[in-house]
Every structure is written in C-alpha cells, then in structure tokens.
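In what follows, chains are A, B, ... by sequence order, proteins preceding strands, each numbered from 1. Keep in mind that the numbers below use all heavy atoms, side chains included, and drop hydrogens, waters and symmetry copies.
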Amino acid sequence: MAKITKQSDNFAKWYTDVILEADLAEHGPVKGTMVIKPYGYSLWENIKNILNNMIKDSGHENAYFPMFIPKSFLEKEAKHVEGFAKECAVVTHSKLISEDGVLKVDPSSKLEEEIIVRPTSETIIWHMFKKWVTSYRDLPIKINQWANVVRWEMRTRLFLRTSEFLWQEGHTAHATKEEAITETLMIVDMYKSLFEDYLAIPTIIGRKSNMERFAGADETYSIETMMRDKKALQAGTSHYLGTNFGTAFDVKFQSKENKEQPVFATSWGVSTRMIGALIMVHGDDKGLKIPPRIAPHQVVIIPINSKNEEKEKFDNFVDMVHSKLKDNGMRCFIDDSNNGPGVKFNNWELRGAPLRIDIGLKEFESGNVTLCRRDTGEKEEMSLDKLSTLPSILEDIQKGMYDSASSFVKENTFELHDYSEFKKLLSKENCFIKAYWDGSDDSELKIKEETKATIRCILEDIKDPKLKCMFSGKPAKHLVVFAKAY
RNA sequence: CGGGAUAUAGCGUAGUCCGGUUAGCGCACCUCGUUUGGGACGAGGGGGUCGCAGGUUCAAAUCCUGCUAUCCCGACCA
C-alpha cells in the first residue's frame, strides 16, 4: 500500500492520493469523468438518503426529467445561456458507420435540432411547468430530481469539478414572490443542517454578489465552507429565480381574482462536490476521517492471529461481537482479508472509519475487545457489555469533529478594514476575511486581480453611512467574506 | 483555446543522447510454505503489439516525419 503525500507537502496531491488510495473513486477514460467506487458511492448514498428524507419531509416530490434538452430551450433565458454556453456537451448526430474498420460519425444522421446534454435542468423543467400550471390551484409545484449533469470543464478534479457529476436539483414554482423567497431560504437552512449535523462541516451562509450569482437568478444564496488549506469551497446553492424562467417559458396562472399573473421560481442543489468538502475539511495525514452519521462502516472489526488452534471458537467470538454491534444499530464490518494487522489498521485509518475494534488472542481469552478511535487514536480495552455504549461514543466523535472544524474556521477568519493589511495577510496565508464592500463589480474585480481572493458571500447589508468600503473608501453597502476559492 | 512537457506490464520507472543478446528493476498480482498486537518473509511464477501510423536501416523502445492521448501552467467554472 502506497503512502499518501503529507498535507503540508502538497495539499492538492494529498487530496488526490487520499481519494485513490481510500478507494473512493478513480478517473474515467474520458477527461474529467469519474468512476465512483463502491466505498465512495456508499458514502454518497448515506448522504443522499438523509437529504432525500429532508427534501420529502419539507413537502417536495421526486421526479425525473430527461437528460437531453433541445438547444432552443437554452436560448430562452438570456443570462442563463450566457452562463452555460461555454461548457455544454452537444449531441449533433445519431449514427456511426464503420469504414474499413474505423468508426465514423455518419454525416447523414445529422440532427435537425442539436441536443444539449443538461448542464442543469431549469429550461426543460420550466418547459414542462408551462403545461402544468394554469390556475393558482396548481401552485406551488415543488419538485426535486436526483440526476447527473454535464458541464464541460477545462480543469477537473475528482469530486470537486468533474465533467459529469451527480446531484439533486430542486425546482419550485410559486404564486408569490414572498413564498418563493421563503422557499429559497428554507432550503438554505436545510442544507445548513445537512452540513453541520451530518457532515460535521461548519457553514457560512450568505448571498452571492452580482458576479458570483447563478446565471438566470435574481438572488443566489450559497453554503460556503473552509477547507484545511483555508481555501473556500462553495458546497451548495439555493437560487431565487424571480419570474425570469416563468417569463422566458411563458408560464402564467390565473389568480383567485381571475387575473393573469407571473410565476415565481426557485432552484437549488448540492452535488458530489460535498464529498470533496468532506475530505478536505476532516482529512489528515493518515487519510480520510468520516463523520459517524454518514460513515459507510461506523465500526470495523479487525480479527488478529485468527489462526490459533481454536479457530472456530475464535471466529464465533468475532461474529458474536459483530452481531452485538448490529443489534445496537451500528453499521459494522469485519475485515477478514488476508492482510496483516498493521496493513488493516493503516487501511481503515486511511478510509476514515470512526471506530475500530481489534480482536486477537488476548481479547479472545479475556472476553474483552480493544477499541480504537480514528479521531484521537486512543485505544482502550472494554468488556462486551460496554459495546452498547458505542453509539454514544460515535455521537461524541461526530460532535468532536464538528467542534474542531468549527474552531479551525474561527481561528482562520479575520475582520479587516484596511486594504493594505488585507493584501499583506492574503499574500502570507489563505484565510477568510470579513470586510466592508461598496457593492460595485469594479471593486470586486480589482481585489480579485490583485489578491486572487473573491467575495464568497454577503453576510449583512450596511445602513450606517460612516462605514466605508475597504477598497474604494466609498460608503459600504455590505459586510462580505473574502477568500481564495476552489 | 495559448505556453511547456511526457508517452516502456495494473502502477512507478531504467534503457533513448551514442541503433546491436531474450527490454531491466521496484510495487502490485498468482502458487506453496512460514507468519499475524502498527505498512511481514522465503521460494517459485505469470504478465510488454515499448502511445498510433509511416519512413531510414542488415537491424529501431532508441534516428526522422506525421498523428493521437495525457499531465502541468494560463483564460473559464458548482
């Protein structure tokens, strides 16, 4: 088993090493594609199931819309096209022919209208909403779909930016602006809970600036997270789309008063990118560290020296421990591979299992087990009747992971009101900096050019005319967070 | 799409400058045995159209031409 690069030597290399060595995923044959391997997919499924329940509990219904979108649909919302035009996969033909053993595109199969592989589904969904909405009685529509989308990316990285990725996209239609805005914000809270309560990732939430906003949205709210290299990762978004798509797709409804009115929209999503955040928030030089609530295996049992004379009895003892854990509601796995114990220890640390139970001759004879925590590395021998306390230890680990991630964010977040200090700090190290901003694209752009830091989100609006923009000295409009971002 | 580099077994590489045995090594893999409390050991074994297509030559991984793919650096992005 290869050793992984240390975080301090090369964080990007560490990240790739961990994913490959922990068997989460590997590169597909087409540039930017990713094969999510069983261990990684099981992690995704755990997250997905939790979020899926949250989505349904808040009154949304799952549905599925096609991956293929007529090109003309994309043209209908001007800003939306602009945002996605440069990264679309386009289907132009429907046939291949074999010429002397070489496969070629059959020119005669050229499509009347070219088809876009969805980079996101607003257009096709609003095309359908037009058919579904005529009266106020048809609203709201609250739809979610789990799907893959394709964005043809220049520079790709496993989980963080792949040409094809998995996500959920929620799309809702409402009779009033207020209701749509409430929906947008409710989703932000839902994501916050997913990140904080399950992924143990602290979040910073706010509105996006004009420049960073989703193409076609009136307002974008984002979930910003800090990685261990102190760069920011946008890990989820919720958009208030106003009537942009309603208008573009001519979706209107008749009100109680028999008046024709425009439909208000939201859309929101989180993707497999979350797994990238999870890796970079919690991981250390030993590898992954997965929060217990979403870990594929919460407890991994390592049998040691299982080749003694009483092998059968030994195996029964191991099985008995295993079923005790399962009976206590834990996801549990026995590593009975042929590897030596050292390899297994390192392997499960690399793969981030929260708890490990070692069972060797010593335990077999004493009737105890040895428990080892991934977060602290502490080992302790415990009697079998204490196994029922493991769920509370898992919860303790979960909380500890959140707390330590949270203090890391606090330690690396500063508030500055002087631009030269701002530049100096950012040239020295990555961090989050809260500062006042005048709200202009111009200031934001120049700060980006000079420091590579961007506005991650707007935290508050400023009314006090005495407060000035850190960059321009003009009256401040917002308190924002700056950081270098993924 | 610009600038740079690389392409030899599953992975990592030596050999290429200066053409000449059967293309070598490490990891991984297979078999047998010994091992098992923090990255085991011995013996044996399998696996290569040297990125692709041409050319030069008695002879090409090695020299020449063209192509393709990938990686790094830039502009773009969740």
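Looking at A:Asp229 and A:Asn430, their side chains never bring a donor and an acceptor atom within 3.5 Å of each other. A donor atom on one side chain and an acceptor atom on the other are not found under 3.5 Å apart for A:Thr120 and A:Arg118.
Applying the 3.5 Å distance criterion, the base of B:G38 shares a donor-acceptor pair with the side chain of A:Lys379. A donor-acceptor contact under 3.5 angstrom links the side-chain atoms of A:Glu363 to the base of B:G37.
Looking at the side chain of A:Asp358, the nearest of the listed nucleotides B:G39, B:A78, B:G37 is B:G37. For A:Asn346, taking side-chain heavy atoms from C-beta onward, the closest of the listed nucleotides B:C76, B:U36, B:G38 is B:G38. The listed nucleotides are B:C76, B:U36, B:G39; the one nearest the side chain of A:Pro341 is B:U36.
Here the options are A:Lys192, A:Lys434, A:Lys208, the test is salt bridge (Lys or Arg N to Asp or Glu O under 4.0 Å), and the partner is A:Glu224; only A:Lys208 passes.
Taking the P atom of each, B:A61 and B:C50 are spaced 7 Å apart, rounded to whole Å. Comparing the C1' positions of B:A78 and B:C41 gives an interatomic distance of 50 Å, to the nearest angstrom. B:G33 and B:G39 have their P atoms separated by 25 Å, with the value rounded to a whole Å. As rounded to the nearest Å, B:G26 and B:C71 have P atoms that lie 29 Å from one another. Taking the C1' atoms as reference points, B:U22 lies 27 Å from B:A53, given to the whole Å. Nucleotides B:C11 and B:G4 have their C1' atoms positioned 25 Å apart, rounded to a whole Å. Going from the P atom of B:U57 to that of B:U62 covers 16 Å, rounded to whole Å. Taking the C1' atoms as reference points, B:U13 lies 13 Å from B:A7, given to the whole Å.
The shortest distance between side-chain heavy atoms of A:Leu96 and A:Asp106 does not fall below 4.5 Å.
The side-chain tip of A:Arg151 does not point at the ring of A:Phe165 from less than 6.0 angstrom away and within 45° of straight on. Cation-pi contact between A:Lys142 and A:Phe129: absent, since separation from the ring centre below 6.0 Å together with deviation from the ring axis within 45° is not met.
Among the protein residues, A:Leu233 comes within range of no part of the nucleic acid, since none of its heavy atoms lies under 4.0 Å from any strand. Across all strands, A:Lys362 comes closer than 4.0 Å to base atoms (heavy-atom distances). A:Phe165 comes within 4.0 angstrom of a base, heavy atoms only. Residue A:Thr120 is classed as having no contact, given no heavy-atom separation below 4.0 Å to the nucleic acid. Contacts of A:Thr162 with the nucleic acid, taken as non-hydrogen atoms under 4.0 Å apart, include base atoms. Counting any heavy atom pair closer than 4.0 Å across all strands shown, A:Arg356 reaches a base atom. Within 4.0 Å (heavy atoms only), A:Gln234 reaches sugar-phosphate atoms of the nucleic acid but no base atom.
Relative ring orientation between A:His297 and A:Phe333 is described as parallel, the plane-to-plane angle staying below 30° on a 0-90° scale split at 30° and 60°.
In this structure, CD1 of A:Ile357 is placed 19 Å from P of B:G37, rounded to the nearest angstrom. When rounded to the nearest whole Å, the span between NZ of A:Lys79 and P of B:C77 equals 15 Å. One interatomic measurement links the two molecules: CG of A:Asn339 to C1' of B:A40, which rounds to 11 Å at whole-angstrom precision. The distance from atom CG of A:Asn347 to atom C1' of B:G38 is 13 Å, rounded to the nearest whole Å. Atom-to-atom, CZ of A:Arg351 to C1' of B:G39 comes out at 16 Å; the value is rounded to the nearest Å. The distance between atom CZ of A:Phe314 and atom P of B:U36, rounded to the nearest whole Å, is 13 Å. Remark: C1' of B:G74 and NZ of A:Lys452 are 10 Å apart, rounded to the nearest angstrom. Nucleotide B:U36 holds its P atom 18 Å from the CD1 atom of A:Ile359, rounded to whole Å.
Each of A:His27 and A:Arg273 lies near RNA chain B, and the nucleotide nearest A:His27 is the one positioned closer to the 5' end.
Within 6.0 Å of the NZ atom in A:Lys448, the count of heavy atoms belonging to other residues, nucleotides or ligands does not exceed 12.
Within the structure, every side-chain polar atom (N or O) of A:Arg155 is placed at least 4.0 Å from both OP1 and OP2 of B:A75.
Helical stems of RNA chain B (runs of at least 3 Watson-Crick or G-U pairs, donor-acceptor distances under 3.5 Å) are listed by first residue: B:1-7 with B:68-74, B:10-13 with B:24-27, B:29-34 with B:40-45, B:51-55 with B:63-67.
For residues 266-288 of chain A, the ring-ring contact (aromatic ring centres under 6.0 Å, His included) pairs, not counting sequence neighbours, are A:His60-A:Trp268.
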